[in-house]
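These notes concern the structure reproduced below.
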Protein chains: 2
Amino acid sequence: MKNKIYVHVADDHKIVIDGIIAVLNTDKDIEIRGYSLTGKEVTTWFENDQNQADVLILDITMPILDGIGVLKYFKKNRIRQKVIILSSYDDIKIVQEMLSLGCKGYITKNNAGEHIIEAIKTVANGEQYFSPNIQRQLLKTLAGQQVEEGALPENFLIDTLTDRELDVLKLITKQFNTSEIADTLNLGISTVDTYRKSLLRKLKVKNAVGLAMYAVKNKIV
Amino acid sequence: MKNKIYVHVADDHKIVIDGIIAVLNTDKDIEIRGYSLTGKEVTTWFENDQNQADVLILDITMPILDGIGVLKYFKKNRIRQKVIILSSYDDIKIVQEMLSLGCKGYITKNNAGEHIIEAIKTVANGEQYFSPNIQRQLLKTLAGQQVEEGALPENFLIDTLTDRELDVLKLITKQFNTSEIADTLNLGISTVDTYRKSLLRKLKVKNAVGLAMYAVKNKIV
DNA sequence: TTTCTTCTCCCTATAAATGGGGAGTCCTTT
DNA sequence: AAAGGACTCCCCATTTATAGGGAGAAGAAA
């Protein structure tokens with residue numbers, strides 16, 4: 001029999017945390033060591049109380065510092081604790097983004113109740129875990145590559161947006177036009193145009209509306 | 001001492017329901033009589049088991065039939081049970097839309113834990129209840145009208161979109177351009193242009209991106 | 001009946017976005 | 001040293017969206 005698994009939960013909705021804690025309390029191998037309502041709280045917690053948690057359950061959408069920011073922080077500071085993303089979104093692009101940032105598991109809120117305990121035990125054991133529906137999508141995306149279920153590679157990055165492209169994308173969602181964006185970012189209009197074009201190409205959308213919808217779906221705004 | 005308040009909870013995320021139930025179980029005056037994961041389940045439940053619940057806690061975002069659909073169903077079938085919207089969104093337009101559809105309370109998921117019991121008791125008592133942050137926004141919007149806190153009027157509708165405008169808006173979010181929309185709806189290009197213009201005017205946005213963002217925020221798509 | 005809204009279409013005109021290229025600098029990685 | 005990525009800007013041209021106005025037909029509401 002192994003030791004208890006210590007867990008930290010982060011979600012901006014306290015009610016969700018309450019739910020998760022209620023579920024996790026039903027398992028004697030798991031112990032909740034704290035929770036956070038913002039990404040900033042998470043990083044602070046892990047700075048001050050290192051090694052008090054083995055697994056972090058992390059929501060993507062949080063104020064101040066979001067899940068992506070937390071993952072980046074973990075990666076940068078080489079924090080070894082396992083992270084499981086708990087998300088409302090089952091967009092494959094998000095999942096891949098999170099994977100590339102080093103998360104070890106990804107479960108959707110739809111079926112968190114059923115799978116969260118299994119997910120925690122799996123990643124605590126050094127393996128990766130994904131909700132069945134996520135797994136299905138990942139496998140579909142990877143069709144052609146030889147991978148077995150449950151052991152997905154981390155080394156497939158999505159066509160990541162550069163910093164500048166992200167800057168432009170964010171301003172587009174604010175209804176800025178090209179010249180306003182150029183002014184705001186102190187760039188030439190041609191430059192902003194270039195970024196618009198590369199955004200359209202990378203995200204495979206038709207127009208600015210497509211960019212905005214992508215940004216919303218992927219919680220960039 | 002009054003009787004127990006019977007409550008039904010609807011949210012597409014089971015984990016949220018678990019959280020709400022956990023919170024509500026701490027109050028002896030409240031009893032949960034069931035829950036639903038889709039809007040369709042809600043209407044079915046209220047068809048088969050009338051009067052088994054006094055208050056319905058309703059999430060806006062649900063598959064099959066969303067919260068708006070449920071409210072419309074309630075209104076149409078003159079179902080008298082009180083509805084409290086539990087939402088992630090604090091957009092004032094959504095709140096007003098919900099109010100016009102007859103909901104009696106509106107709380108955000110951010111502070112549901114603190115206010116949900118108070119909200120249930122308030123609406124069960126025949127009054128309206130809003131999260132403090134929502135109340136603040138409503139009052140700001142109503143600035144100029146004479147209303148006291150906690151007793152807000154139901155009779156202020158937003159500048160409603162017509163059916164055709166909604167048709168066009170939905171297609172815009174799908175990245176259709178004007179001529180594609182015209183083809184799809186069997187309209188002339190000029191006509192679609194007219195709707196685009198009125199959408200921009202009514203929703204007070206600058207461009208198609210603004211329309212798309214509005215549609216997303218207000219769960220039109 | 002008159003008024004109002006909605007739906008439909010038109011005109012003119014400008015502003016903005018999209019599509020296809022090229023190209024130089026800087027910096028990091030190989 | 002070479003290669004690649006990111007950042008910056010430019011040319012060309014076409015398509016699309018936005019802005020302002022007008023107007024008739026049908027139906028509902030006052």
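Order of the sequence lines sets the chain letters (A, B, ...), proteins ahead of strands, with each chain counted from 1. Please read these numbers as outputs of a predicted model, since none were measured by experiment.
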Taking [atom1] from [X] and [atom2] from [N], how many angstroms apart are they, rounded to a whole number?
X: B:K206; N: C:dA15; atom1: NZ; atom2: P; result: 14 Å
X: B:D163; N: C:dT5; atom1: CG; atom2: P; result: 16 Å
X: B:L200; N: C:dA16; atom1: CG; atom2: P; result: 14 Å
X: B:R201; N: D:dA19; atom1: CZ; atom2: P; result: 12 Å

For [N], does OP1 or OP2 lie under 4.0 Å from any side-chain N or O of [X]?
X: B:R164; N: C:dT6; result: no
X: A:T178; N: C:dA17; result: yes
X: B:N207; N: D:dA17; result: no

State which residues pass side chain to side chain donor-acceptor pair (under 3.5 Å) with [X]; sequence neighbours excluded, sorted by chain then number.
X: B:T184; result: none
X: A:N207; result: none
X: B:N177; result: B:S179

Expected list for residues 189-199 of chain A: side-chain donor-acceptor pairs under 3.5 angstrom, two or more places apart:
from   : atom 1 : to     : atom 2 : distance (Å)
A:T194 : OG1    : A:S190 : O      : 2.9
A:R196 : NH1    : A:T178 : OG1    : 3.1
A:S198 : OG     : A:E165 : OE2    : 3.0
A:S198 : OG     : A:T194 : O      : 3.4
A:S198 : OG     : A:Y195 : O      : 3.0

- Message: Please list, in numerical order, the residues of residues 184-199 of chain B that have a heavy atom closer than 4.0 Å to any atom of DNA chain D.
- Response: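 Under 4.0 Å from DNA chain D: B:D193, B:R196, B:K197.
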- Query: Which angle, to the nearest 10 degrees, lies between the helix axes at the two ends of the helix from C:dT1-D:dA30 to C:dT30-D:dA1, each defined by five pairs?
  - Reply: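 For the helix from C:dT1-D:dA30 to C:dT30-D:dA1, the axes at opposite ends meet at about 50°.
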- Query: Salt bridge or not for A:K109 and A:D11, using N-O below 4.0 Å?
  - Reply: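 Yes, this pair counts.
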